[in-house]
Amino acid sequence: MTRKILVIRFSSIGDIILTTPVVRVLSEQLGAEVHFLTKPAFAPLLQANPYISRIITLSDDFESMIEVLRSHEYELIVDLHHNIRTQRIKMALKRPSKAFHKLNFQKWLLVRFGINRLPDIHIVDRYLSTVSDLGIKPDGKGLDLFIPLENKVNVHFDFGLIPNSYVAIVTGAAHQTKCMTTEQMIRLCHLLHKPVILLGGKGEMEKAEAIMHGTETINVVNACGTLDLLQSASVVNQSGVVITPDTGLMHMAAALRKPQVVVWGNTVPEFGMYPYYGDEKIPWVSFEQDHLKCRPCSKLGYQQCPKGHFKCMLDHDLEAIASAAVKLIDSN
């Protein structure tokens, strides 16, 4: 009889993509039928994943959702979110479970006192360790993101771009202290001397329009607010290089094996959520102001710098960032 396992991760874009190696090894190495419980907004990220047999979405109607989950009679629950809501679900289902340890105390020590007690290990490998006693082993295959045909974008037809010749710049993130300013992005576009496409959601449309206004004389395309998640992934997949902050599209780019330049603001790679390529040697370059004692000021971020100076982003060498991106795209 096939083992049936429920994996839980509610959000967000990057975090869900980072769980895909766990899903894959459960399916391939255990032969398990894997179901995934997540928020409706993020279900499209998993819909074409061949290692997931069923996606169940989080519902406000808790009892009805629990009845659906009970009907599948899971042998095991793998809780990779581990919060009060997942605890409530596990208690209701009364099935054996394993939970990911978030290391929140260690993160608090680093943010509050600059004391780093976090393990020097990527969060993917920590996710995998949650199920290591089942006999599974890391397979070194990196992250998974499968783009259905209906979500694939023809960048030449839609945007006049040639695949693998342009730079995809991620304009935003959930927290502004992770992002370059509008002025920095305008300057960066001019320094690249390559076609550029701006990516982001509806929340970045105003910023992208300002960037377009400042780059009227060069080849910059604005796709902010016009693409869904998987269409954005398709554009990333056809780019030559991605310039991104610490955000979900960084992990999308890693899942698609794209070289990238990561520009860090208030967060730090030590949290264990930098680009993950498994055993594949995909080049990427990291820029951070690691001399600043106020970094990290948060494990997530703020809408504005709590110190008022925003040196973690404003002090970046844009010429060096552009040079790194050009070297990556020209080496493809």
TODO: Specify the closest pair of heavy atoms between C224 and A208, including all atoms of both residues, with the distance to one decimal.
DONE: SG-CB, 3.6 Å
TODO: List the steps and the verdict of side-chain hydrogen bond (donor to acceptor under 3.5 Å, both in side chains) for D79 and S97.
DONE: CA-CA 7 Å; D79 179 5; S97 65; over 6 Å; no
TODO: Examine R88 relative to F62 and say whether NZ or CZ is less than 6.0 Å from the centre of the six-membered ring and inside a 45° cone about the ring axis.
DONE: yes
Open item on the list: Are there over 12 heavy-atom neighbours, none belonging to F113, within less than 6.0 Å of that residue's CZ?
Closed with: yes
Open item on the list: Between H251 (side chain only) and I17 (backbone N and O only), is there a donor and an acceptor less than 3.5 Å apart?
Closed with: no
- [ ] Might you point out which heavy atoms bring F287 and A320 nearest each other, and give the distance in Å?
- [x] CZ-O, 3.5 Å
TODO: Check whether any side-chain heavy atom of L128 lies under 4.5 Å from a side-chain heavy atom of V25, and answer yes or no.
DONE: yes
Task: Value rounded to 0.5 Å, distance of OG1 in T171 from CE in M205 - done: 11.0 Å
Open item on the list: Assess the residue pair K299 and N104 against the criterion (side-chain hydrogen bond (donor to acceptor under 3.5 Å, both in side chains)); give the C-alpha distance rounded to whole Å, side-chain angles, the decisive distance to 0.1 Å, and a yes or no.
Closed with: CA-CA 9 Å; K299 67 179 182 179; N104 284 335; 3.2 Å; yes
TODO: Assess the pair H122 and Y274: is the distance between their ring centroids shorter than 6.0 Å?
DONE: yes
- [ ] Starting at CD of Q184, measure out to CD1 of I186 and round the result to the nearest 0.5 Å.
- [x] 10.5 Å
Task: Interatomic spacing from CD1 in I8 to OG1 in T19 - rounded to 0.5 Å - done: 11.5 Å
- [ ] For atom CD of Q29, decide whether the heavy atoms of other residues, nucleotides or ligands shown that lie under 6.0 angstrom number more than 12.
- [x] yes
- [ ] Please indicate whether H291 has more than 12 foreign heavy atoms, meaning atoms of other residues, nucleotides or ligands, lying under 6.0 Å from its NE2.
- [x] yes
TODO: Flag the pair V22 / T130 as yes when at least one side-chain heavy-atom distance between them is below 4.5 Å, and no otherwise.
DONE: no
Open item on the list: Looking only at the side chains, is there a donor atom on one of D144 and T20 sitting less than 3.5 Å from an acceptor on the other?
Closed with: no
Open item on the list: Quick check on the hydrophobic clustering: are I115 and L110 connected, directly or via other members, by side-chain heavy-atom contacts under 4.5 Å?
Closed with: no
- [ ] Take V241 and K194 through the test side-chain contact (heavy atoms from CB on, under 4.5 Å) and record every step on the way to the result.
- [x] CA-CA 11 Å; V241 66; K194 298 280 186 183; over 6 Å; no
- [ ] Please answer: with hydrophobic residues joined when any side-chain heavy atoms are less than 4.5 Å apart, are F271 and L18 in the same cluster?
- [x] no
Open item on the list: Quick one, L103 with R126, criterion side-chain contact (heavy atoms from CB on, under 4.5 Å). Give me CA distance, side-chain angles, the key distance, then yes/no.
Closed with: CA-CA 10 Å; L103 303 180; R126 289 175 47 216; 3.3 Å; yes
TODO: May I ask you to decide if K258's main-chain N or O and Y277's side chain share a donor-acceptor pair within less than 3.5 Å?
DONE: yes
- [ ] Mind checking the SG-NE2 spacing from C189 to H193? Nearest 0.5 Å is all I need.
- [x] 11.5 Å
- [ ] Taking atom CZ of R85 as the centre, report whether more than 12 heavy atoms of other residues, nucleotides or ligands fall under 6.0 Å from it.
- [x] no
Task: Cluster link W284 to L318, ILVMFWY, side chain under 4.5 Å - done: no
Open item on the list: Whether the N237 and S234 side chains hold a donor-acceptor pair (N or O, under 3.5 Å, no angle test) is what I'd like checked.
Closed with: no
Open item on the list: The test is side-chain contact (heavy atoms from CB on, under 4.5 Å); show your working for I243 and L192 and say whether it passes.
Closed with: CA-CA 11 Å; I243 300 176; L192 286 166; 4.1 Å; yes
Open item on the list: Ignoring hydrogens, what is the shortest heavy-atom contact between V131 and K98? Give both atom names and the distance.
Closed with: CA-CD, 4.4 Å
TODO: Kindly compute the distance separating CZ (R9) from CG (L46), expressed to the nearest 0.5 Å.
DONE: 12.0 Å
Open item on the list: Can you classify the ring geometry of F10 versus H81 as parallel (below 30°), tilted (30 to 60°) or perpendicular (above 60°)?
Closed with: tilted
TODO: Please name the pair of heavy atoms, one in L227 and one in L199, separated by the smallest distance, quoted to 0.1 Å.
DONE: CD1-CD2, 4.1 Å
TODO: Could you check if a side-chain atom of I329 sits within less than 4.5 angstrom of a side-chain atom of N164, using non-hydrogen atoms only?
DONE: no
Open item on the list: A quick test of your reading: do over 12 heavy atoms of other residues, nucleotides or ligands sit less than 6.0 Å from CD1 of I121?
Closed with: yes
Open item on the list: Tell me whether R295 is salt-bridged to D290, with the criterion being a basic N under 4.0 Å from an acidic carboxylate O.
Closed with: no
Open item on the list: Please evaluate residues R187 and E319 with respect to the criterion salt bridge (Lys or Arg N to Asp or Glu O under 4.0 Å), reporting the C-alpha separation (whole Å), side-chain torsions for both, the decisive distance (0.1 Å), and the verdict.
Closed with: CA-CA 9 Å; R187 176 67 177 149; E319 289 187 359; 3.8 Å; yes
Task: Beyond-backbone contact of V262 with E288, side-chain heavy atoms, under 4.5 angstrom - done: no
Open item on the list: Is the shortest side-chain heavy-atom distance between I13 and L249 below 4.5 Å?
Closed with: no
TODO: Could you tell me whether the side chain of E209 and the main chain of E206 form a donor-acceptor pair under 3.5 Å?
DONE: no
Task: CG/D330: more than 12 non-hydrogen atoms of other groups inside 6.0 Å - done: yes
Open item on the list: Is there a path of hydrophobic side-chain contacts, each under 4.5 Å between heavy atoms, that joins I66 and I55?
Closed with: no
Open item on the list: Counting neighbours of CD on E28 that are heavy atoms of other residues, nucleotides or ligands and sit closer than 6.0 Å, is the number greater than 12?
Closed with: yes
TODO: Quick one: pull up CZ in R24 and CD1 in I52 and give me the separation to the nearest 0.5 Å.
DONE: 11.5 Å
Task: Note, K141 side chain near D279 side chain (heavy atom, < 4.5 Å) - done: no
Open item on the list: Measuring only between side-chain heavy atoms, which start at C-beta, is L143 closer than 4.5 Å to M252?
Closed with: no
Task: Y74 ring center within less than 6.0 Å of H35 ring center - done: yes
Open item on the list: Can you confirm whether H156 sits close enough to Q238 that some side-chain heavy atom of one is under 4.5 Å from a side-chain heavy atom of the other?
Closed with: no
Open item on the list: What I want to check is whether the side chains of S71 and E67 have a donor and an acceptor closer together than 3.5 Å.
Closed with: no
Open item on the list: Using a strict threshold of under 4.0 Å (side-chain N to carboxylate O), is an ion pair present between R3 and E75?
Closed with: yes
Open item on the list: In this structure, is the centre-to-centre distance between the rings of Y302 and H175 below 6.0 Å?
Closed with: no
Task: Chi angles and distances behind the side-chain contact (heavy atoms from CB on, under 4.5 Å) call for Y166, V235 - done: CA-CA 10 Å; Y166 61 89; V235 171; 3.8 Å; yes
TODO: Of all the heavy-atom pairs spanning P21 and V124, show the shortest one and how long it is.
DONE: CG-CG1, 3.7 Å
Task: Full working for side-chain hydrogen bond (donor to acceptor under 3.5 Å, both in side chains) between H316 and Q289 - done: CA-CA 7 Å; H316 278 302; Q289 303 300 321; 3.1 Å; yes
Open item on the list: Hydrophobic cluster membership, with links at side-chain heavy-atom distances under 4.5 Å among I/L/V/M/F/W/Y: are V263 and V170 in one?
Closed with: no
Task: For L198, the option from T215, I169, V167 that meets side chain to side chain contact (heavy atoms under 4.5 Å, CB included) - done: I169
TODO: Can you see which heavy atom on L230 is nearest to which on I147, and at what distance?
DONE: O-CG2, 3.9 Å
